[in-house]
Amino acid sequence: MFLFLSLVFGIIASKRSSCSDIRVVDLSHVHGPEPFTAPFFPQYNFTIVNRSYSPFLGGNWFESNYIGTSEHSGTHIDAPSHFYRNRKRMHEIPLEKLYGPGVIIDIRRQVSRNVNYRVRVSDIRRWEASYGRKPKGAVVLFNSGWSSRYPDPFKVFNTQNTSDITSYQFPSYEFNAITF
Ligand SMILES: *[C@@H]1O[C@H](CO)[C@@H](O)[C@H](O)[C@H]1NC(C)=O
Ligand SMILES: *[C@@H]1O[C@H](CO)[C@@H](O)[C@H](O)[C@H]1NC(C)=O
Ligand SMILES: *[C@@H]1O[C@H](CO)[C@@H](O)[C@H](O)[C@H]1NC(C)=O
């Protein structure tokens, strides 16, 4: 599930792009009054700490906030250590691995027929048949349409009982598609 959510980020750029023709797309879900956090994690906490003219700062305006959140809420990336012991944590992943030419493969139709759809190599091949080979090192995003379910945890986890993790249903990937 989290692997799936983790791919919902991206920088879309053309193959040989200069800075000026890079298109940056913000795919973030809002952390707000209705934040999305898995029910068994501590919930998002935004607290105003200062919003006043401060006597400690010569009467100048001072604003600051406290933010508390569990990992794995909203749009995020999962480090390999999330599911594999002793694997890389976020700070150990080189930044260069986190951006690059972007490819979006639309799987909304497949997911609308089967919420447990697993992305297949054939989905990638079909994209390549229309658009050409995906660039080397490309960040490949699959658009499952699942984002429209946020932030309702019953819809996101597709369950009647969010406390029962075994009841969750959501699209994911076939192993071959990940390593393709
Ligand atoms: C949110 O954080 C503030 C500041 O640390 C704390 O006072 C408050 O109790 C927290 N609220 C919840 C619901 O955890
Ligand atoms: C910010 O708010 C805290 C808590 O009310 C207060 O102790 C602190 O002095 C404030 N900081 C400034 C610079 O005004
Ligand atoms: C929801 O799942 C939890 C964990 O499996 C279980 O303890 C609880 O009884 C379930 N609630 C309902 C209404 O089925």
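Quick caveat, the model's predicted, so the values are computed rather than measured. Just follow the structure's listing: the first ligand is 1, and inside any ligand the first atom is 1. These values consider heavy atoms only, across backbone and side chains, with no hydrogens, waters or symmetry-generated copies.
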Inset, instruction - Please state whether the rings of H82 and H72 are parallel, tilted or perpendicular, taking 30° and 60° as the class boundaries. - result: parallel
Legend entry - Those atoms of ligand 2 less than 4.0 Å from some heavy atom in F62: 11 (N), 12 (C), 13 (C)
Legend entry - Pocket residues of ligand 1, ordered first by chain and then by residue number (heavy-atom cut-off under 4.0 Å): N45, T47, Y66
Legend entry - Numbered atoms and elements of ligand 2 in range of S54, under 4.0 angstrom, heavy atoms: 12 (C), 13 (C), 14 (O)
Legend entry - Basic-acidic side-chain contact under 4.0 Å: R126, D123: yes
Legend entry - Per-atom contacts of ligand 3 with S163, taking only distances under 4.0 Å to non-hydrogen atoms: 4 (C)
Inset, instruction - Ignoring hydrogens and angles, tell me if any N or O in the side chain of Q110 forms a donor-acceptor pair with the backbone of Y117 under 3.5 Å. - result: no
Legend entry - Ligand-residue contact atoms, ligand 2 with F56, heavy atoms, under 4.0 Å: 9 (O), 12 (C), 14 (O)
Legend entry - Residues forming a salt bridge (charged side-chain N to carboxylate O under 4.0 Å, His left out) with R149, sequence neighbours excluded: none
Inset, instruction - Answer whether the closest heavy-atom distance between the side chains of V115 and F170 falls below 4.5 Å. - result: no
Inset, instruction - Decide if the gap between the ring center of F56 and the ring center of F62 is smaller than 6.0 angstrom. - result: no
Legend entry - Contact summary for S81 and R87, nearest pair of heavy atoms: CB-O, 3.4 Å
Inset, instruction - Using a strict 4.0 Å threshold on nitrogen-to-oxygen distance, state whether R51 and E63 make a salt bridge. - result: yes
Inset, instruction - Heavy-atom contacts with N50 under 4.0 Å: which atoms of ligand 2 show up? List them by number with element. - result: 1 (C), 2 (O), 3 (C), 8 (C), 10 (C), 11 (N), 12 (C), 14 (O)
